[in-house]
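Chain letters run A, B, ... following the sequence lines, proteins first and then strands; every chain starts at 1.
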Amino acid sequence: MAAKRKLAENPNSELIDFLHELADYEKNVSRMIHKYNAYRKAASSIAKIDHKIQSITDIKGLEGIGKKIAAKIEQYLSTGKIKKLETNRGDETGAAINQMTRVMGIGPTHANKLVHQEKITSIDELRSHPKRDQLLNKTQQLGLKYLEEFEQKIPRDEIKQMETILLREITAMDNLLRAEIVGSYRRGATASSDIDVLVTHPAVAKLPSLLHKIVETLTKQFHFITDTISIGDSKFMGVCQIDTSKLHRRIDIRVFPSEQYYCALLYFTGNDQLNRHMRIVAQEQGYKLNEYSIQKVGSTGTLSKPLPVTSERDIFDYLQMDYKEPHERNM
DNA sequence: CATTAGCA
DNA sequence: GCTAATGA
């Protein structure tokens, strides 16, 4: 393995982290989504500059830096601190709310409710609360149960083992079924945060219960799937475990008709930046690309039928881009 | 931006 | 039918 240099970190990462922290507070605690967005865009715009910011003039006029954020950056530059951030940190109900949102299924709304009306101030209190089961829906209960496990990254080798089981069992059910694990795993990542599986079948339209059957066998016969968070005709979200010596992991399975499969495969493999990039080149070349299809855009704005796609390569070809192997898609 | 759960 | 939450 070629030596992996520690990827150079952003010279202003501390400031960026501070901005993100400010942003999260606005979103989760105050319920100020616009302030949240303001901090995020400010952070992303400073993330683009590649030298250490020394003076406020370095960023004056930068996109997304208005008067108030500029003032905070100024404080940071001169004192290394941001008053607002400090007081946010000192707010313990704010901290409690942020803790609650670590639980899958608990968003800002529910977190605020738990803290304000139930006076719950920590995960431990939530766990031991007498009315815990009434305070949380099924998803949230699973989120609480597996909180620590879900915060753990999944080593590639573990996913690899899951892959062999998954593919073997799925094709055993029906050999026309095709499945693969996408996301960062497919791009070669050494660890991922969850398992994302794409499934297709030539007659998927005829088999509305396909997903349910897959989930049922993976649950009952193999005990690979341990819990269901949600399931519909096209998307399953749940929990799996390769064997009891391993942690519980989040898994998503989605089913696509075969004519959409490769666009979905491309999209769910990512990464996000490549997706955006490809969407814009598509646009420039008179196409519209999304997770389902690629279509020609008429000058009047009319869309053609979805173009035939039988591989990811076809999509790159339409766009006159050089094909990128999955591991080359980390932009 | 679309899919699901859950509630009133 | 609406609202919250996930994800990507």
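Atom CG in A:Leu135 sits roughly 15 Å away from atom P in B:dG6 (whole-Å rounding). Counting to the nearest Å, the P atom of B:dT3 and the CZ atom of A:Arg254 are 10 Å from each other. Between A:Ile229 atom CD1 and B:dA5 atom P the separation is 11 Å, expressed in whole Å. Spacing between atom CZ of A:Arg276 and atom C1' of B:dC1 amounts to 14 Å, rounded to whole angstrom units. The nearest whole Å value for the distance from the CG atom in A:Asn137 to the P atom in B:dC7 is 8 Å. Counting to the nearest Å, the P atom of B:dA5 and the CG atom of A:Asp227 are 14 Å from each other. Distance OH (A:Tyr267) to P (B:dT3): 12 Å, rounded to an integer number of Å.
In this structure, A:Ser234 reaches the B:dT4 phosphate: one of its side-chain N or O atoms is under 4.0 Å from OP1 or OP2.
As judged by a 4.0 angstrom heavy-atom cut-off over every strand, A:Arg250 is placed among residues touching the sugar-phosphate backbone only. Backbone-only engagement by A:Val103 is indicated by non-hydrogen atom pairs under 4.0 Å involving sugar-phosphate atoms exclusively. Among the heavy atoms of the strands, none lies under 4.0 Å from A:Asn275. Within the 4.0 angstrom heavy-atom criterion, no nucleotide atom of any strand lies near A:Phe236. As judged by a 4.0 angstrom heavy-atom cut-off over every strand, A:Asp233 is placed among residues touching the sugar-phosphate backbone only.
Note that A:Arg329 lies outside the cation-pi zone of A:Phe268, set by a 6.0 Å cut-off to the ring centre and a 45° limit from the axis.
We find that A:Lys84 and A:Glu26 are joined by a salt bridge, their nearest charged nitrogen and carboxylate oxygen being less than 4.0 Å apart. A salt bridge does not link A:Lys305 with A:Glu259: every distance from a Lys NZ or Arg NE/NH1/NH2 to an Asp or Glu carboxylate oxygen is 4.0 Å or more. Ion pairing between A:Asp24 and A:Lys27 fails under the 4.0 Å rule for side-chain N and carboxylate O.
Checking A:Gln285 against A:Tyr318 by side-chain atom types alone, no donor-acceptor pair falls below 3.5 Å. A donor and an acceptor atom, one from each side chain of A:Gln260 and A:Tyr267, are nowhere located under 3.5 Å apart.
Contacts between chain A and DNA chain C, taken as any atom within less than 4.0 angstrom of a protein heavy atom, begin and end at C:dA4 to C:dA8.
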Q) Between A:Arg102 and A:Gln99, does a side chain to side chain donor-acceptor pair (under 3.5 Å) hold up when you go through it step by step? A) CA-CA 6 Å; A:Arg102 286 169 58 203; A:Gln99 283 307 301; 2.8 Å; yes
